[in-house]
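Written below as structure tokens is the structure these notes are about.
Values below: every heavy atom of this structure, side chains too, minus hydrogens, waters and symmetry copies.
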Amino acid sequence: MTATGAVRDAGGTAAAGRTEAGYGLEDIGTKTKDGHAMTDTAAIARRLFTALQDADVPVIHELIAEDLVDHSPMFGRNAFERENLKESAVRFKTAFPDVRIHTEHVLADGDKVLVHEIVTGTNTGPFGEQPPTGRAMRVQAAHILRIAGGRVVEHWSVRELETMRAALGIGEDGTPHGGQ
């Protein structure tokens, strides 16, 4: 790039119609179906996962559509539906006050965003019906979010629930078991 911001090709020639600010991406269709820039969908996803980490209920409320369709129920309920998600974020933050949700990868394709997250934390508060275990966990999950009108309207996911249970010493039935 030059000081003027023109994008140069490998030979140093200014690429026609390309500038540092825009890179000409508008020429290859960077809008979602609802007209948002693709980077907007990735930014919405990142903002949502930060809000989940911080149990920021107003932001979760803002970013999750009231009629969201959750294709990946967890523990017998649609965990990503707005009210359930707000409630779960607060309960999770209570159980794991040091929780960190690291968005390892965020990939946008049209109106869909893939988020690969790594969640870490130490269980120092009650987790559901279980007393604190004092154990640390590190689990991964992958989420696909469909975003329309600046809100998440559909959700799919794959989560490492068995890894989390094993790390915390909790059986599939929710009862404590030995070993780590």
Side-chain angles (χ1 to χ4, degrees), residues 39-109 111-148 150-180:
T39 55
D40 288 348
T41 58
I44 289 167
R46 286 183 191 281
R47 186 169 176 232
L48 173 62
F49 281 84
T50 298
L52 291 172
Q53 170 186 280
D54 298 340
D56 189 338
V57 172
V59 172
I60 295 167
H61 186 87
E62 172 192 340
L63 296 179
I64 300 292
E66 184 175 356
D67 58 350
L68 174 133
V69 176
D70 190 355
H71 299 280
S72 305
M74 184 171 72
F75 304 124
R77 63 189 222 160
N78 293 326
F80 232 78
E81 287 181 349
R82 183 195 284 169
E83 295 308 313
N84 290 342
L85 192 58
K86 291 187 309 188
E87 198 177 290
S88 294
V90 171
R91 282 196 325 253
F92 203 79
K93 186 72 172 176
T94 300
F96 301 88
D98 65 342
V99 67
R100 289 291 166 253
I101 299 176
H102 176 70
T103 51
E104 187 74 9
H105 304 284
V106 177
L107 306 169
D109 183 17
D111 61 351
K112 291 189 180 75
V113 179
L114 169 69
V115 177
H116 170 218
E117 67 173 350
I118 297 174
V119 181
T120 59
T122 306
N123 181 215
T124 59
F127 187 49
E129 299 297 316
Q130 297 301 313
T133 64
R135 294 181 177 190
M137 64 146 187
R138 181 186 185 279
V139 296
Q140 298 181 72
H143 302 268
I144 297 174
L145 311 173
R146 187 170 73 80
I147 297 173
R151 289 185 165 190
V152 179
V153 297
E154 281 187 274
H155 169 259
W156 298 260
S157 68
V158 178
R159 304 169 181 106
E160 290 186 329
L161 298 178
E162 291 305 316
T163 301
M164 181 175 74
R165 285 187 187 113
L168 298 175
I170 298 172
E172 190 172 325
D173 63 355
T175 61
H177 65 77
Q180 177 160 296

For a 4.5 angstrom cut-off between non-hydrogen side-chain atoms, does Asp56 reach Thr50? no
Can you tell me which residue among His116, His155, His105, His71 is in a ring pair (Phe, Tyr, Trp, His ring centres under 6.0 Å) with His143? His155
Under the side-chain contact (heavy atoms from CB on, under 4.5 Å) rule, collect the residues that match up with Glu66, sequence neighbours excluded. Arg82
Between Phe49 and Val106, is there a side-chain heavy-atom distance shorter than 4.5 Å? no
Looking only at atom types and distance, does a side-chain atom of Asp111 sit under 3.5 Å from a main-chain N or O of Ala148, one as donor and one as acceptor? no
So, does Thr133 use its side chain to make a donor-acceptor pair with the main chain of Arg135 at under 3.5 Å? yes
The reported gap from CD in Glu81 to CD in Glu87 (rounded to nearest 0.5 angstrom) is 12.0 Å
Should Leu52 and Leu85 count as side-chain neighbours, where that means a heavy-atom distance under 4.5 Å? yes
Leu114 versus Ile144: any side-chain heavy-atom pair under 4.5 Å? yes
Please examine the side chains of Gln53 and Glu117, heavy atoms only from C-beta on, and report whether any two atoms are closer than 4.5 Å. no
Does any N or O in the side chain of Asp67 come within less than 3.5 Å of the main-chain N or O of Val69, such that one atom is a donor and the other an acceptor? no
Any side-chain heavy atom of Leu48 sitting closer than 4.5 Å to one from Val152? yes
With heavy-atom distances below 4.5 Å as the criterion, would you say the side chains of Phe92 and Val119 are in contact? yes
Would you find a donor on one side and an acceptor on the other, under 3.5 Å apart, between the side chain of Asn123 and the backbone of Pro132? no
Any side-chain to backbone donor/acceptor pair from Asp70 onto Ser72? Under 3.5 Å, distance only. yes
